[in-house]
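Worksheet for the structure shown next.
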Amino acid sequence: MTDQEVPAGVRLVTPAAGFRPSFLDGAREFAAEGRLESTYCIGLGYSLESLPARFGAFVHDLVSLADASPMRLGRYVDRVLWLVDGDEYVGQTSIRPDLGTQYLLAYGGHIGYSIRPSRRRQGYGTAALALTVAAAAGMGLDRVLVTCDSDNIGSRRIIERNHGQYEGEIPMPPQAFAAEGRPPRQGVTKRRYWIEIAGDPDADWEA
Ligand SMILES: CC(C)(COP(=O)(O)OP(=O)(O)OC[C@H]1O[C@@H](n2cnc3c(N)ncnc32)[C@H](O)[C@@H]1OP(=O)(O)O)[C@@H](O)C(=O)NCCC(=O)NCCS
């Protein structure tokens, strides 16, 4: 998919309080499949119960993950963007420009994405990566590492449709699963792809 094929109204935005109703619906969907952390909510100290009352603070904390100030040393810069369709939250992507940990260098890569369960298999994941690559170009990156589990057929398809060049696959040690907050699974490897992008500082990726 190219940017031109991203449907009208589908775009990446900096997390904002205006998407509160659909975000909370989406968070409940992620929680129902045991993936609430896809929203970053748990790691930032929020729960499904506390989110509604503390939504503004959550959005602030989420956006602050992109803060490269010395206060954040020991963590890595993570620019989280929401994929929206019109005024509805559909999912999130993140850009880690510095590959600042051993985990990111080997397994995590520059870009991550997840689509809320009720909106899957409708092309949003493919659009999310296309738009995120454009955003990465706007941040000055000229190629990005994108990875997926060997058994994640949807993600693999998304990367390949976005012109990911397959580099190879590496075993997943227990520490790599732990870094992703999930139990080890036998026989799963991490597939590594590179997407070459032309650095375009004027990339128009956000409304
Ligand atoms: C993986 C994920 C992002 C896919 O999002 P999506 O919006 O369903 O993706 P798309 O609709 O763009 O589908 C892309 C392709 O994958 C296929 N696909 C999607 N999910 C699939 C599945 N579970 N099994 C088989 N094929 C699948 C689609 O049919 C489509 O195929 P096509 O290119 O031939 O048309 C989504 O399932 C998700 O958020 N999963 C949990 C988090 C995750 O795995 N993130 C990726 C980490 S690397």
Side-chain angles (χ1 to χ4, degrees), residues 1-13 15 19 22-23 25-43 62 76 78-86 88-96 99 101 103-136 144-172 176-185 187-195:
M1 175 178 283
T2 67
D3 281 356
Q4 287 69 37
E5 293 171 272
V6 174
V10 177
R11 63 201 192 282
L12 295 178
V13 298
F19 295 96
S22 59
F23 179 88
D25 287 345
R28 279 188 283 273
E29 293 175 11
F30 278 113
E33 66 166 11
R35 283 184 186 267
L36 182 57
E37 186 49 15
S38 295
T39 66
Y40 287 68
C41 156
I42 300 170
L62 193 55
Y76 52 86
D78 194 356
R79 183 160 196 178
V80 180
L81 300 167
W82 283 347
L83 184 75
V84 302
D85 189 349
E88 185 186 67
Y89 158 87
V90 173
Q92 51 271 309
T93 75
S94 78
I95 305 172
R96 289 89 56 152
L99 292 183
T101 67
Y103 168 78
L104 288 177
L105 270 172
Y107 307 101
H110 286 102
I111 290 175
Y113 42 84
S114 49
I115 302 300
R116 60 187 277 195
S118 67
R119 302 297 186 272
R120 291 180 189 160
R121 310 292 293 257
Q122 298 170 46
Y124 285 118
T126 308
L129 182 56
L131 291 167
T132 309
V133 167
V144 286
L145 175 65
V146 189
T147 68
C148 66
D149 287 358
S150 52
D151 62 351
N152 192 336
I153 307 301
S155 191
R156 176 173 170 176
R157 185 88 186 112
I158 286 169
I159 298 168
E160 291 175 354
R161 285 194 66 182
N162 277 283
H163 313 296
Q165 298 297 311
Y166 178 63
E167 178 194 83
E169 54 196 302
I170 54 175
M172 286 275 285
F177 283 102
E180 296 177 5
R182 54 205 183 110
R185 278 182 300 142
V188 174
T189 58
K190 197 66 98 179
R191 294 175 66 88
R192 289 166 52 94
Y193 294 84
W194 290 92
I195 300 177

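Everything numeric in this text was worked out from a predicted model, so none of it was measured. Count residues from 1 along the sequence. In each ligand, atom 1 is the first atom listed, and ligand 1 is the first ligand listed.
Of the options Ile111, Ile158, Thr126, Leu83, the smallest heavy-atom separation from atom 2 (C) of ligand 1 is shown by Ile158.
Electrostatic pairing of Arg182 and Asp149 counts as a salt bridge here, judged by a charged N lying under 4.0 Å from a carboxylate O.
At a 3.5 angstrom cut-off on N or O pairs, Gly123 counts as close to ligand 1. Polar contact check, Arg119 against ligand 1: no nitrogen or oxygen pair lies under 3.5 Å apart. Residue Glu33 has no nitrogen or oxygen atom sitting less than 3.5 Å from a nitrogen or oxygen atom of ligand 1, judged on distance alone. Residue contacts with ligand 1: Gly125 is placed with a nitrogen or oxygen under 3.5 Å of a nitrogen or oxygen of the ligand (distance criterion only). At least one N/O-N/O distance between Asn152 and ligand 1 falls below 3.5 Å. Close N/O approach between Ile115 and ligand 1 is found [any backbone or side-chain N/O within under 3.5 Å].
A donor-acceptor pair under 3.5 Å is absent between the side-chain atoms of Ser155 and the main chain of Asn152, judged by distance alone. In terms of modelled atom types and a separation under 3.5 Å, the side chain of Arg28 and the main chain of Phe23 share no donor-acceptor contact. Side chain of Asn162 to main chain of Ile158: a donor-acceptor pair is present (N/O by atom type, distance under 3.5 Å, no hydrogens or angles).
The protein atom (non-hydrogen) at minimum distance from atom 20 (N) of ligand 1 is Arg121 CD, 3.1 Å. If you check which protein heavy atom lies closest to atom 42 (C) of ligand 1, you get Arg35 NH1, 3.7 Å. The single protein non-hydrogen atom nearest to atom 48 (S) of ligand 1 is Ser155 OG, 3.1 Å, given as residue, atom name and distance. Summary of contacts: the protein heavy atom closest to atom 32 (P) of ligand 1 is Arg157 NE, 3.3 Å. The nearest heavy-atom contact from the protein to atom 46 (C) of ligand 1 is Tyr113 O, 3.4 Å. The nearest heavy-atom contact from the protein to atom 37 (O) of ligand 1 is Arg120 CD, 3.2 Å. Looking at atom 35 (O) of ligand 1, its nearest protein heavy atom turns out to be Arg161 NH1, 3.6 Å. Of the protein's non-hydrogen atoms, Gly154 CA, 4.1 Å is the one closest to atom 17 (C) of ligand 1.
Phe30 is linked by a ring-ring contact (aromatic ring centres under 6.0 Å, His included) to nothing, counting only residues two or more places apart in sequence or in another chain. For Glu167, the side-chain contact (heavy atoms from CB on, under 4.5 Å) criterion is met by Arg192, Trp194, not counting sequence neighbours.
A cation-pi geometry, defined here as NZ or CZ lying under 6.0 Å from the six-membered ring centre and within 45° of its normal, holds between Arg191 and Tyr166.
In summary, the atoms of ligand 1 found under 4.0 Å from a heavy atom of Ser114, numbered by their order in the structure, are 39 (O), 42 (C). Close contacts of ligand 1 with Ile153, meaning ligand atoms under 4.0 Å from a residue heavy atom, involve 25 (C), 26 (N). Less than 4.0 angstrom separates some heavy atom of Gln122 from each of these atoms of ligand 1: 11 (O).
Looking only at side-chain heavy atoms (C-beta outward), Val188 and Phe177 come within less than 4.5 Å of each other. No side-chain heavy atom of Val90 sits under 4.5 Å from any side-chain heavy atom of Trp82.
Under the side chain to side chain contact (heavy atoms under 4.5 Å, CB included) test applied with Ile115, the options Arg120, Gln122, Glu29 reduce to a single match, Arg120. Looking at Val133, Ile111, Leu145 one by one, the single match for side chain to side chain contact (heavy atoms under 4.5 Å, CB included) with Ile195 turns out to be Val133.
Residue Thr147 places a heavy atom under 4.0 Å from ligand 1. Using 4.0 Å as the threshold, Arg116 has no heavy atom nearer than that to any atom of ligand 1.
No side-chain donor-acceptor contact under 3.5 Å links Ser150 and Glu169.
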